[in-house]
Amino acid sequence: MQGGRPASVPLLLGPTGIGKSRAAFEVARALGGEIVVCDSRQVYDRLDIATNKPSREEMREVRYHLVGIADPRTTYTVFEFVEAANRAIADIAARGRLPIVEGGSMLWADALAEGFSLAGVPPRPDRRAELERLPVAELAGIVRRLDPEATLDERNPVRLVRAIEVLEVAGPPLARLRTRRPPPWTPLRIGLTADLGVVDLRLARRSRRQVERGLVEETRAALAYGVPADAPVLTGIGYAEALAHIRGEVSLEALPEVMARSNRRYARRQLRWLRRNPAITWFDATADPVPGILDFLRAQPI
RNA sequence: GCCGAGGUAGCUCAGCCUGGUAGAGCACUUGACUGAAAAUCAAGGUGUCCCCAGUUCAAAUCUGGGCCUCGGCA
C-alpha cells in the first residue's frame, strides 16, 4: 500500500458477542493498523454501553474511525457510512497504515466491499411519513403502478416505502438503479464463528454486565437529551429492552435475559447472512483467533 | 379444613357453554434484504389438551373420582 491506495483491506466480520472488536484491536496493534468500525449503532454519540463501543483504553492505543460520530437524534444511513468509510480507508492508507474494517452490520459491510449504488436517491422523510400511514396493499399497488417490473417483498412496508421514494424521483425500472461498483481495493473477508453455546454464554454475561454498568441510566439520559424513543440508536438491542423496562413492561431482574434473547436471535441472523458468502475465510473464536488471522493476513499481498 | 379460580405448544393464553381427537402471540428453525439493516418482512415444525374411570359411533370439551397450583376464609 502506498499513496493512499491500499491493495487490500481486511474486513473482520462476525456475530455479536463473538469478540471481533477485541480481535480487531489485537490485529491492528500487531500490524500497525487503524480500525474502521462498520456498525450501525456505534456510529452514534452518547450511547456507549449497549452499542459495545471500544473501551477508552483500546481507543487510546489504536486509532478508531466512525465511532460516535453521529448525533443520536438523527439517522445515519448506509450511504453515509460507505462514503465515510472509503474516506477513512484512503486517509489511513495515505499515512502508511493498514486500514482494518471491523463490525457486524452486514448490509453496511456488503455495501462497502461490493460497492452498492444504493439507488442514488436520498431518503425523503416527509414523503416517507406520508407513505407510512398507508396500508401495505396500497403501497404495493403504488409500486406496481410506478414499476410493473419491480421485484421486491410486497408485504414489507419498509421495502415498499423505500421503493416508492426512489421510483418517484428516479423513475423505473428499479432494477437499473441497483448496481455495483467495487472499491479500488481487494476485500479480505474474515469471518469469526464459534459453537452457538459459547456465543450464547458470552451474550448472557455481556447483557448482565451492561445492565450493571448503567444501561438504564444511559437510556434515560438519552431520552432527556432529546433522542426520540424511535430513533435508530434506541431501536438497537439493549436500548429497546431498556425502554420497555422504563415503560414498566420488563422488570430490572428480567432485563438481562430479555436482552440476551434478542442478542441470540441477532447473532444467528448475522451468521446466516455471512454463511452464504463464499468469499469469507473463517476462524473459530472459541479460543483466541488472532494468531490464525495474523498468519492469514501475513500471507496476503497487503 | 372450607369456599372460589385454574391445570391445553418452551412461555402467556384462547377453545370447553352448543362433543367430530387443537389454535394465537412470543420463543425456536429457515428465508428475503442496494440510502431505516441491532431495522423490517415472510415461511415452517412444535403438543401424554394433569391423571384414572364412565357416558358416547366419537371426549380438550359432558359426568364421577383423584392429584397439583393460585387466591380468600379459617
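All chains are named by letter (A, B, ...) in the order of the sequence lines, taking the proteins before the strands, and each is independently numbered beginning at 1.
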Mind jotting down which residue pairs meet the salt bridge (charged side-chain N to carboxylate O under 4.0 Å, His left out) criterion with at least one end in [range]? Sequence neighbours excluded, please.
range: residues 231-240 of chain A; value: none
range: residues 202-211 of chain A; value: none
range: residues 177-197 of chain A; value: A/Glu114-A/Arg180, A/Glu114-A/Arg189
range: residues 276-286 of chain A; value: none

Heavy atom of residues 173-202 of chain A under 4.0 Å from RNA chain B: which residues? A/Arg178, A/Thr179, A/Arg180

Using residues 128-141 of chain A as the side-chain source, report each donor-acceptor pair under 3.5 Å to any protein atom, sequence neighbours left out, with the distance given to one decimal.
unit_1   : atom_1 : unit_2   : atom_2 : d
A/Arg128 : NE     : A/Glu165 : OE2    : 2.9
A/Arg128 : NH2    : A/Glu165 : OE1    : 2.9
A/Glu130 : OE1    : A/Arg127 : NH1    : 2.7

Any A/Arg272 side-chain nitrogen or oxygen under 4.0 Å from OP1 or OP2 of B/U30: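 Checking B/U30 against A/Arg272, a side-chain N or O does come within under 4.0 Å of OP1 or OP2.
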
Test item: side-chain donor near acceptor, A/Arg41 and A/Thr235, under 3.5 Å: yes

With P as the reference atom in both, quote the distance from B/G25 to B/C67 in angstrom, rounded to an integer. 38 Å

Between B/A14 and B/U56 - P atom distance, rounded Å: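 Each nucleotide's P atom is 32 Å from the other's.
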
Holding to ring-ring contact (aromatic ring centres under 6.0 Å, His included), I want the full list of residues that pass it with A/Tyr225, two or more places apart in sequence or in another chain.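 Scan of A/Tyr225 (ring-ring contact (aromatic ring centres under 6.0 Å, His included), adjacent residues dropped) gives none.
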
Its contact letters, B for base, S for sugar-phosphate only and - for none at protein heavy atoms under 4.0 Å, make nucleotides 36-41 of chain B read BBBBBB

Here the ring-ring contact (aromatic ring centres under 6.0 Å, His included) pairs for residues 26-85 of chain A, sequence neighbours left out, are A/Phe81-A/Trp108

